[in-house]
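Written out below as C-alpha cells is the structure these notes cover.
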Amino acid sequence: MTTALITGATAGIGRSFARRLAAEGHDLVLVARTTERLTELAGILRERHGIEVEVLTADLAAEADRRRVAERLRDEAEPVDLLVNNAGFTQPEGFLAQDADQLRAQLDVNVTAVLELSHAALNSMLPRNRGAVINVSSVAGFFPGRGSTYTADKSWVTMFTEGLAQTTANSAVRVLVLCPGFTRTEFHDRAGIDMGGIPGPLYLDADRVVNDCLRDLREGRVLSVPSLPYKVITTLAGLLPRALVRRLATRVNARDN
Ligand SMILES: NC(=O)c1ccc[n+]([C@@H]2O[C@H](COP(=O)([O-])OP(=O)(O)OC[C@H]3O[C@@H](n4cnc5c(N)ncnc54)[C@H](OP(=O)(O)O)[C@@H]3O)[C@@H](O)[C@H]2O)c1
C-alpha cells in the first residue's frame with residue numbers, strides 16, 4: 001500500500017488523479033481550498049475503495065498553508081510515495097490589466113508551491129530511494145503567453161521538472177512533468193475565459209490525461225504529453241523559429257481572449 005498526495009484534488013485533472021489512484025488501492029492525502037468538496041470526495045473514495053483518505057485544506061497561495069503541506073510530505077511516520085503537484089489557475093486579463101497581488105498569488109500556486117512541495121517530497125523520497133513526483137504543467141508552457149503570466153509559469157514547471165529528473169536519475173525515485181493540452185475541467189470557467197473558438201476535437205478528457213500520465217510514469221518517461229495532436233504541436237514548438245512560434249501563439253491567443 002502506498003500513499004499519494006494530490007494538490008487541487010477537488011476538480012478536474014486532480015479529481016481524476018484521486019479517483020484513479022484510489023481505484024488502484026493507494027491511500028490519499030487530498031489538498032485544495034474547499035473543505036466541503038474535499039470531505040465529500042474523501043467519503044466517496046473511502047466507501048468505494050476501502051482506502052485511507054486524509055483531507056488537508058490549504059490555500060497554496062498562502063505561505064503558512066504551503067508550509068503545512070510541506071510538513072505533511074516530510075512526515076516520516078506516514079511517508080508519501082507519490083506527490084502530484086496539480087493545483088493551478090490562470091486569469092482572463094492581459095498582464096498590465098491584472099492586479100499585481102493576484103499575479104503574485106498565481107505565481108505562488110503555479111510555481112512556488114511546485115518548488116517547495118517538490119523540495120520537501122524529494123528530500124523525503126531520495127533517502128528512502130522510493131517514490132515519484134508528478135508536476136502538472138501544460139502545452140501552453142511551450143508557447144509565449146496570452147498576456148497573463150500563465151505560460152511562463154508552466155514553462156518554468158516543465159524546465160524545472162526536467163532538471164529534477166537529472167537530480168533523481170541515479171535513484172529509484174521518478175519525476176515526470178505532465179503537459180496536457182485543452183482539457184474539459186473547471187479551469188477556463190473559473191478564469192472567465194470564453195473557449196468558444198477552440199474546436200471540440202482538441203479537448204481532452206481528464207481521465208484520459210491521467211491514464212496517459214500514469215502509463216508514461218510506469219514506462220520511465222520524464223515528459224508526458226497526452227494525445228498525438230499535442231505531441232506534434234509541442235515537437236513543432238521546439239523545431240520552428242521562435243518568431244514563427246510567437247506568430248502562431250498570437251493567433252491562438254486572439255481566439256482565446
Ligand atoms: N484544463 C486545461 O485545459 C488544462 C490544460 C493544461 C494544463 N492544465 C493544468 O492542470 C492543472 C489542473 O487544472 P484543471 O484543469 O483540473 O483545473 P480546475 O478544474 O479548475 O481545478 C483546479 C484545482 O486546483 C485547486 N486550486 C486552485 N487554486 C488553489 C489554491 N490557491 N490552493 C489550493 N488549491 C487550489 C482547485 O481547488 P479549490 O478551488 O477547492 O482550491 C481545484 O481542485 C492546473 O495546474 C492547470 O494549469 C489544465
Side-chain angles (χ1 to χ4, degrees), residues 5-20 28-42 55-70 83-92 101-114 116-117 134-143 145-146 148-158 160-161 177-193 195 198-200 202-210 212-213 224-227 229-230 233-234 252 256:
L5 185 150
I6 305 161
T7 70
T10 49
I13 296 170
R15 191 179 169 92
S16 284
F17 267 112
R19 289 173 37 236
R20 168 66 181 269
L28 299 178
V29 184
L30 304 179
V31 180
R33 290 167 300 180
T34 320
T35 308
E36 204 180 348
R37 290 183 84 177
L38 287 172
T39 308
E40 187 196 1
L41 178 61
V55 163
L56 182 43
T57 305
D59 179 350
L60 295 173
E63 189 180 350
D65 285 13
R66 288 196 302 277
R67 208 174 298 137
R68 279 193 299 113
V69 181
L83 165 64
V84 185
N85 273 316
N86 162 78
F89 72 98
T90 190
Q91 301 177 66
D101 288 340
Q102 265 299 100
L103 286 172
R104 178 184 289 275
Q106 182 189 308
L107 190 70
D108 281 342
V109 174
N110 292 354
V111 172
T112 314
V114 176
E116 293 178 354
L117 302 187
I134 295 172
N135 289 332
V136 181
S137 183
S138 174
V139 166
F142 289 77
F143 295 91
R146 20 178 312 282
S148 85
T149 54
Y150 178 76
T151 61
D153 296 348
K154 293 303 187 182
S155 187
W156 183 91
V157 173
T158 302
F160 167 69
T161 312
V177 58
L178 168 62
C179 297
F182 295 122
T183 306
R184 279 192 197 82
T185 66
E186 299 175 11
F187 183 81
H188 296 99
D189 280 351
R190 283 176 191 251
I193 297 170
M195 296 297 285
I198 304 299
L202 271 186
Y203 274 96
L204 302 173
D205 173 69
D207 288 344
R208 187 261 165 95
V209 167
V210 168
D212 288 13
C213 171
S224 178
V225 181
S227 98
Y230 287 114
I233 288 168
T234 51
V252 173
D256 193 359

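Side-chain atoms are counted along with the backbone in the values below, which use heavy atoms only and exclude waters and symmetry mates. Read the numbers this way: they start at 1 and go in the same order the structure lists the ligands and their atoms. The first residue of the sequence shown is numbered 1, and numbering continues consecutively from there.
Nearest protein neighbour of atom 31 (N) of ligand 1, counting heavy atoms only, is D59 OD1, 2.8 Å. Remark: minimum distance from atom 44 (C) of ligand 1 to any protein heavy atom is reached at N86 O, 3.1 Å. For atom 33 (C) of ligand 1, the closest non-hydrogen atom on the protein side is A58 O, 3.3 Å. Counting only heavy atoms of the protein, atom 3 (O) of ligand 1 lies nearest to T183 N, 2.8 Å. The single protein non-hydrogen atom nearest to atom 47 (O) of ligand 1 is Y150 OH, 2.6 Å, given as residue, atom name and distance. The protein non-hydrogen atom at the shortest distance from atom 25 (C) of ligand 1 is G8 CA, 3.5 Å. In terms of protein heavy-atom proximity, atom 19 (O) of ligand 1 is closest to E186 N, 3.0 Å. Looking at atom 21 (O) of ligand 1, its nearest protein heavy atom turns out to be A11 CB, 3.8 Å.
For ligand 1 and P180, the ligand atoms under 4.0 Å from any heavy atom of the residue are 5 (C), 6 (C), 7 (C). Within the listing of ligand 1, atoms 3 (O) sit less than 4.0 angstrom from a heavy atom of F182. Remark: ligand 1 atoms within the under-4.0 Å shell around heavy atoms of G88 are 24 (O), 44 (C), 45 (O). Here is the list of ligand 1 atoms found below 4.0 Å of a heavy atom in G12: 16 (O), 19 (O). Numbered from 1 in the order shown, with element, the atoms of ligand 1 that lie under 4.0 Å from a heavy atom of L60 read 30 (C), 31 (N), 32 (N), 33 (C). Within ligand 1, the atoms closer than 4.0 Å to a non-hydrogen atom of T10 are 36 (C), 37 (O), 38 (P), 40 (O), 42 (C), 43 (O), numbered from 1 in the order shown. Listed by number with element, the atoms of ligand 1 under 4.0 Å from a non-hydrogen atom of I13 are 10 (O), 16 (O).
Taking each heavy atom of A61 and V109 in turn, the nearest pair found is N-CG2, 3.6 Å. In this structure, I6 and G14 approach most closely via the heavy-atom pair CG2-O, 3.8 Å. For the residue pair P226 and R208, the shortest heavy atom distance occurs at CB-NE, 4.5 Å. Across A9 and L41, no two heavy atoms sit closer than the pair O-CD2, 3.3 Å. When every heavy atom of S138 is checked against every heavy atom of K154, the shortest pair comes out as CB-CG, 3.8 Å. In plain terms, the two heavy atoms of S137 and V177 that are nearest each other are CB-CG2, 3.5 Å.
At least one heavy atom of K154 lies less than 4.0 angstrom from ligand 1. Under the 4.0 angstrom criterion for non-hydrogen atoms, G181 is in contact with ligand 1. Under the 4.0 angstrom criterion for non-hydrogen atoms, A105 is not in contact with ligand 1.
Within the 3.5 Å criterion, the main-chain N or O of R33 finds no donor-acceptor partner in the side chain of T57. A donor-acceptor contact shorter than 3.5 Å links the side chain of N110 to the backbone of F89. Put simply, the side chain of T185 never gets that close to the backbone of I13: no donor and acceptor are under 3.5 Å apart. Side chain of T183 to backbone of G181: a donor-acceptor contact under 3.5 angstrom is found.
The proximity of A206 to ligand 1, defined as any non-hydrogen pair under 4.0 Å, does not occur for either the backbone or the side chain. Counting heavy atoms closer than 4.0 Å to ligand 1, residue R190 contributes side-chain atoms (C-beta onward) but none from N, CA, C or O. For A9, every heavy-atom contact with ligand 1 shorter than 4.0 Å involves the backbone, none the side chain. Only the side chain of H188 comes within 4.0 Å of ligand 1, counting heavy atoms alone; its backbone N, CA, C and O stay farther away. Heavy atoms of C179 found under 4.0 angstrom from ligand 1: none, in either backbone or side chain. Residue-level proximity to ligand 1 for T34 is carried by backbone and side chain together, each with a heavy atom below 4.0 angstrom.
Ring orientation note: the planes of Y230 and F182 are nearly perpendicular, at an angle over 60° on the 30°/60° scale.
N135 CG to C179 SG: the interatomic distance, rounded to the nearest 0.5 Å, is 10.0 Å.
Salt bridge status for R104 with D108: absent, with no side-chain N to carboxylate O gap under 4.0 Å.
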